[in-house]
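The structure appears right after this line, and notes come after that.
The structure presented is a predicted model; accordingly, all values stated were derived computationally and were not measured. Side-chain atoms are counted along with the backbone in the values below, which use heavy atoms only and exclude waters and symmetry mates.
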Amino acid sequence: MTLEIFFAVMIPFLGTSTGAACVFVMGSQFSKSVQKILTGFAAGIMVAASVWSLLIPSPESSFDPGKWAFVPAVSGFWFGTLFLLLLDYVIPHLHLNSQSTEGLKISLPRSAMIILAVTLHNIPEAMAVGVVIAGWLDSTTQITLN
């Protein structure tokens, strides 16, 4: 079981690391328009994965499906959205190619602010991976490795 958990965590880690390595190696070679296209493509994939793999199946896997089976998914979606907006407002961070900071105004080095921005971005992905692994480990759910 421990080896399976290790591989379940390593797959997203390797995917993220590979993508980051590609950007690190080739990032300066892309024009601004290609960077915007790739960013839009990645955002579209993330939205599609969220909707079709999480939000739509959620009412179907509810313990008591009925006309209110959508409430946990909708309330969880809005709670998560508001939570991330709060974190975006509170955590001091700096986006690439930006001179002004967002969040609380405190004195941190530029590199620390960029690290906080990346961390803020990765919180939802880490939570999704954690929920899937927890659901897979729980024998009462329908989550499998297949």
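In this structure, Leu85 CG and Phe83 CZ are separated by 11.0 Å, a value rounded to the nearest 0.5 Å. Between Ile115 atom CD1 and Leu120 atom CG the span is 13.5 Å, to the nearest 0.5 Å. In this structure, OG on Ser31 lies 7.5 Å from CD1 on Ile37, to the nearest 0.5 angstrom. Interatomic distance, Phe13 CZ to Phe6 CZ, rounded to the nearest 0.5 Å: 9.0 Å. Atom CG of Leu87 is separated from atom CG of Leu82 by 11.0 Å, given to the nearest 0.5 angstrom.
One hydrophobic cluster, built from ILVMFWY side chains closer than 4.5 Å, holds both Leu55 and Phe70. In the hydrophobic cluster analysis, where Ile, Leu, Val, Met, Phe, Trp and Tyr join through side-chain heavy atoms closer than 4.5 angstrom, Phe77 is grouped together with Trp68. Cluster annotation: Val71 is not connected to Phe79 through the hydrophobic network of ILVMFWY side chains, with a link wherever side-chain heavy atoms come within less than 4.5 Å.
Between Thr81 and Trp78 the shortest side-chain heavy-atom distance falls below 4.5 Å. Asn122 is not listed as a side-chain neighbour of Thr119, based on a closest heavy-atom distance of 4.5 Å or more.
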